[in-house]
Asks: 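This is the structure I have questions about; it appears just below.
Just so it is clear: chains get the letters A, B, ... in the order the sequence lines come, proteins before strands, and each one is counted from 1.
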Protein chains: 2
Amino acid sequence: MKRTSEVTEQEFLREYDASKYKRPSASIDCAIYTVIEQQLQVLLVERAEHPFKGSWSLVGGYIDPAVDQDLLGAAKRKLREKTGVTTPYLEQCITVGSKERDPRGWSVTTVYYALLSADLVQLKAGAGAQSTKWAPVHEGRVADKLAFDHAALLAMCTERLRGKVLYTSLPLHLMPSEFTLSELQSCYETILGRALESKSFRRRILSADILEDTGKENTDTKRPARIYRRLKSAGTHYFVRNIEGPHREA
Amino acid sequence: MKRTSEVTEQEFLREYDASKYKRPSASIDCAIYTVIEQQLQVLLVERAEHPFKGSWSLVGGYIDPAVDQDLLGAAKRKLREKTGVTTPYLEQCITVGSKERDPRGWSVTTVYYALLSADLVQLKAGAGAQSTKWAPVHEGRVADKLAFDHAALLAMCTERLRGKVLYTSLPLHLMPSEFTLSELQSCYETILGRALESKSFRRRILSADILEDTGKENTDTKRPARIYRRLKSAGTHYFVRNIEGPHREA
DNA sequence: AGAATAGTGTCTGTAAGACACTATGCC
DNA sequence: GGCATAGTGTCTTACAGACACTATTCT
């Protein structure tokens with residue numbers, strides 16, 4: 001039985017004033033990966049404004065409550081603004097928040113990573129005419145000193161990516177629409193930073209039933225190679241065993 | 001060469017007024033799991049205030065920029081306030097944010113999940129004298145209708161937990177400090193919702209070298225069982241293969 | 001022919017599943 | 001002895017690694 005002096009939820013919400021409370025800022029950041037010339041690369045943008053004006057950073061920015069429907073939508077918007085790509089592989093990696101990570105105060109950022117084929121991208125100078133570039137990633141790091149804690153965010157995304165490459169078909173999303181098994185293997189090797197046995201690799205990929213033979217051949221190489229395409233019906237494949245290391249030392 | 005009319009970063013930060021911008025609210029939520037009587041259980045609290053006053057929800061609340069150093073600290077604070085436990089297994093699962101999920105407006109919440117042994121917990125009525133309870137989780141759901149989108153958050157955490165149980169030693173964190181292999185197997189089975197082959201299970205766990213024999217025996221059962229303890233030196237073990245399903249149908 | 005790259009045959013090794021078996025206690 | 005639970009022996013199966021082999025094209 002409800003006493004009339006109690007506030008209903010409707011009344012509560014009518015009186016609720018969000019501006020009374022201190023809130024952290026909320027942003028998203030995105031490590032956008034591709035593979036170019038046997039190197040894992042990440043898209044960087046040069047910051048046009050303070051703080052860290054002139055530094056390179058991951059793609060990202062504040063959530064705009066007036067524009068963004070949800071968090072994933074905000075990530076897709078940033079990605080679209082910088083690359084023109086609308087439907088890449090996009091996965092949330094981690095959210096970090098602290099008093100220290102942004103000099104403007106307490107901030108929370110949700111970090112996504114995206115995988116896409118380099119040939120889909122026309123780099124766009126975004127709002128503020130910032131310049132953008134691909135930077136090679138080695139051991140989870142780029143040569144440039146990154147703004148904020150973006151070096152740490154990139155390292156976390158790269159570690160997550162490497163981990164998942166051991167038991168999934170994720171690298172397919174880094175390939176152009178048609179490719180050979182050797183090219184796919186090279187992509188795996190680039191991310192893992194080591195050579196793989198080609199027999200094991202082919203057996204693993206082919207038995208997963210995630211590729212379609214186009215019937216075409218790539219004749220740019222010595223011996224022509226079969227050209228495959230990702231099966232549209234296939235989502236990300238999860239293998240039941242990891243790619244393991246070599247069993248013998250060199 | 002710097003023109004004197006340019007603003008330095010210091011000047012920029014001195015002038016920066018965070019209150020000029022609309023921000024989403026930022027909170028954390030935590031699915032706190034334990035296993036009691038062969039059932040996976042999650043800790044729920046009854047909301048003392050609007051919105052969803054009187055509904056059950058996961059443990060959580062706003063980040064307090066004045067109190068919390070960082071996101072993980074905020075999660076630990078909530079956990080401590082509700083359970084008194086300070087160092088459980090705690091892992092970030094997902095962050096969701098949208099205009100719709102909280103009637104007070106755009107909100108972002110980072111969801112953690114915690115694993116702990118039921119015998120560590122003295123349930124505490126927290127600030128606002130809310131009541132708390134353990135609720136059994138079946139197929140990722142509890143019987144109660146949860147506040148906000150907490151049913152979806154719980155489902156995501158539970159799915160993540162189930163997935164990781166296939167290739168890690170995570171369930172160790174749900175056990176009391178000493179336990180038998182049968183008890184541990186039962187814990188795995190509870191989470192996975194199916195029986196495991198005991199020979200495979202024992203081989204897997206024992207060869208991982210993560211347990212220590214206490215030398216004691218549990219005599220509550222028909223045949224006494226060796227009692228083990230988690231090796232302090234062992235972190236989470238990642239098996240190279242998943243627990244698979246049965247190979248034959250019944 | 002020789003080099004380079006694509007692709008196969010087939011052996012070994014490892015860890016999971018199946019399941020019958022033994023071991024130890026209680027009644 | 002009969003039951004329940006703990007724990008083992010050992011065969012089969014699935015799939016990764018090793019590596020020598022064949023296949024196709026170019027020069």
Asks: For S186(A), which residues count as a side-chain hydrogen bond (donor to acceptor under 3.5 Å, both in side chains) partner, sequence neighbours excluded?
Replies: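 side-chain hydrogen bond (donor to acceptor under 3.5 Å, both in side chains) check on S186(A) returns Q38(A).
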Asks: Partners of A147(A) by side chain to side chain contact (heavy atoms under 4.5 Å, CB included), sequence neighbours excluded?
Replies: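 Here the qualifying residues are R47(A), F52(A), S55(A), S57(A).
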Asks: Restricting to salt bridge (Lys or Arg N to Asp or Glu O under 4.0 Å), what partner residues turn up for K216(B), sequence neighbours left out?
Replies: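 With sequence neighbours excluded, K216(B) shows a salt bridge (Lys or Arg N to Asp or Glu O under 4.0 Å) to E178(B), given in chain and number order.
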Asks: Check whether any side-chain N or O of T110(B) sits under 3.5 Å from a backbone N or O of T95(B) as a donor-acceptor pair, and report yes or no.
Replies: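 Side chain of T110(B) to backbone of T95(B), a donor-acceptor pair under 3.5 Å: no, none is there.
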Asks: Using 30° and 60° as the class limits, which term best fits the ring planes of Y167(B) and Y238(B): parallel, tilted or perpendicular?
Replies: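 The arrangement is tilted - the two ring planes meet at 30° to 60°.
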Asks: Does a side chain donor of either S27(B) or T109(B) reach within less than 3.5 Å of an acceptor in the other side chain?
Replies: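 Judged by distance alone, the side chains do pair up.
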Asks: Using a heavy-atom distance cut-off of less than 4.0 Å, which residues of residues 204-216 of chain A contact DNA chain C?
Replies: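 Residues of residues 204-216 of chain A under 4.0 Å from DNA chain C: none.
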Asks: Among residues at least two apart in sequence or on other chains, which ones pass side chain to side chain contact (heavy atoms under 4.5 Å, CB included) with E46(A)?
Replies: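 For E46(A), the residues satisfying side chain to side chain contact (heavy atoms under 4.5 Å, CB included) (neighbours in sequence not counted) are W56(A), S131(A).
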Asks: Looking at R203(B) and dG7(D), is any side-chain donor or acceptor paired with a base atom of the opposite kind under 3.5 Å?
Replies: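 No pair found.
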Asks: Please confirm whether R204(B) makes a cation-pi placement over F239(B), using NZ or CZ under 6.0 Å from the six-membered ring centre and within 45° of the ring normal.
Replies: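 Output yes; distance and angle both within limits.
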Asks: How does protein reach along nucleotides 20-27 of chain C, written 5' to 3' as B (base within reach of a heavy atom under 4.0 Å), S (only sugar-phosphate), or - (no contact)?
Replies: ---BBB--
Asks: Rounding to an integer number of Å, can you tell me how far D220(A) CG sits from dA6(C) P?
Replies: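 Going from CG in D220(A) over to P in dA6(C) covers 11 Å.
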Asks: Taking the side chain of S200(A) as heavy atoms from C-beta outward, which of dA16(D), dA6(D), dG17(C) is closest to it?
Replies: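 Of all the options, the side chain of S200(A) is nearest to dA16(D).
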Asks: Measure from the side-chain heavy atoms of A225(A) and tell me the nearest of dG7(C), dA18(D), dG17(C).
Replies: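 In terms of side-chain proximity for A225(A), the closest of dG7(C), dA18(D), dG17(C) is dG7(C).
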Asks: R202(B) has an atom CZ; how far is it from atom P of dA16(C), in whole Å?
Replies: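 The answer, rounded to whole Å, is 15 Å.
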Asks: Which residues pass the salt bridge (Lys or Arg N to Asp or Glu O under 4.0 Å) test with D213(B), not counting sequence neighbours?
Replies: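 D213(B): salt bridge (Lys or Arg N to Asp or Glu O under 4.0 Å) contacts with R226(B).
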Asks: Can you list everything that forms a salt bridge (Lys or Arg N to Asp or Glu O under 4.0 Å) with R77(B)? Sequence neighbours excluded, please.
Replies: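 Partners of R77(B) under the salt bridge (Lys or Arg N to Asp or Glu O under 4.0 Å) test: D68(B), E81(B).
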Asks: According to salt bridge (Lys or Arg N to Asp or Glu O under 4.0 Å), who are the partners of K76(B), at least two apart in sequence or on a separate chain?
Replies: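 So K76(B) forms no salt bridge (Lys or Arg N to Asp or Glu O under 4.0 Å) with any residue.
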Asks: Can you check the F201(A) CZ to dA6(C) P distance for me, whole Å?
Replies: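 For the pair F201(A) CZ and dA6(C) P, the rounded distance is 12 Å.
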Asks: Quick one: does L44(A)'s side chain get under 4.5 Å of L146(A)'s, heavy atoms only?
Replies: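 In contact.
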Asks: State, yes or no, whether a side-chain contact exists between T158(B) and L40(B) at a heavy-atom distance under 4.5 Å.
Replies: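 The answer is yes, as the side chains (C-beta and beyond) meet within the 4.5 Å cut-off.
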Asks: Nearest-Å distance, CD (E197(B)) to P (dG9(D))?
Replies: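 Rounded to the whole Å, the gap is 17 Å.
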Asks: Using a cut-off of strictly less than 4.0 Å between a heavy atom of the residue and any atom of DNA chain C, enumerate the qualifying residues of residues 233-244 of chain A by number.
Replies: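 By residue number: none to list.
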Asks: Looking at side-chain heavy atoms only, is the closest gap between H173(B) and P88(B) below 4.5 Å?
Replies: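 No - every pair of side-chain heavy atoms lies 4.5 Å or more apart.
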Asks: For the residue pair Y113(B) and Y89(B), categorise the inter-ring angle as parallel (less than 30°), tilted (30 to 60°) or perpendicular (more than 60°).
Replies: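 The rings of Y113(B) and Y89(B) sit tilted, inter-plane angle from 30° to 60°.
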Asks: Any donor-acceptor pair under 3.5 Å linking the side-chain atoms of E212(B) with those of Y228(B)?
Replies: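 No.
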Asks: May I ask you to list the residues of residues 164-174 of chain A, by number, that have any heavy atom positioned under 4.0 Å from an atom of DNA chain D?
Replies: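 Contacts with DNA chain D under 4.0 Å: none.
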Asks: Let me know the distance between CZ of R226(A) and P of dA23(D), rounded to the nearest Å.
Replies: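 It is 15 Å, rounded to the nearest whole Å.
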Asks: Measure the distance from CG on L196(A) to C1' on dC15(D) and round it to the nearest whole Å.
Replies: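 Atom-to-atom, L196(A) to dC15(D), this comes out as 15 Å.
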Asks: Taking five pairs at each end, how big is the angle between the two axes of the helix from dA1(C)-dT27(D) to dC27(C)-dG1(D), to 10°?
Replies: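 The end-segment axes of the helix from dA1(C)-dT27(D) to dC27(C)-dG1(D) are tilted 20° relative to each other.
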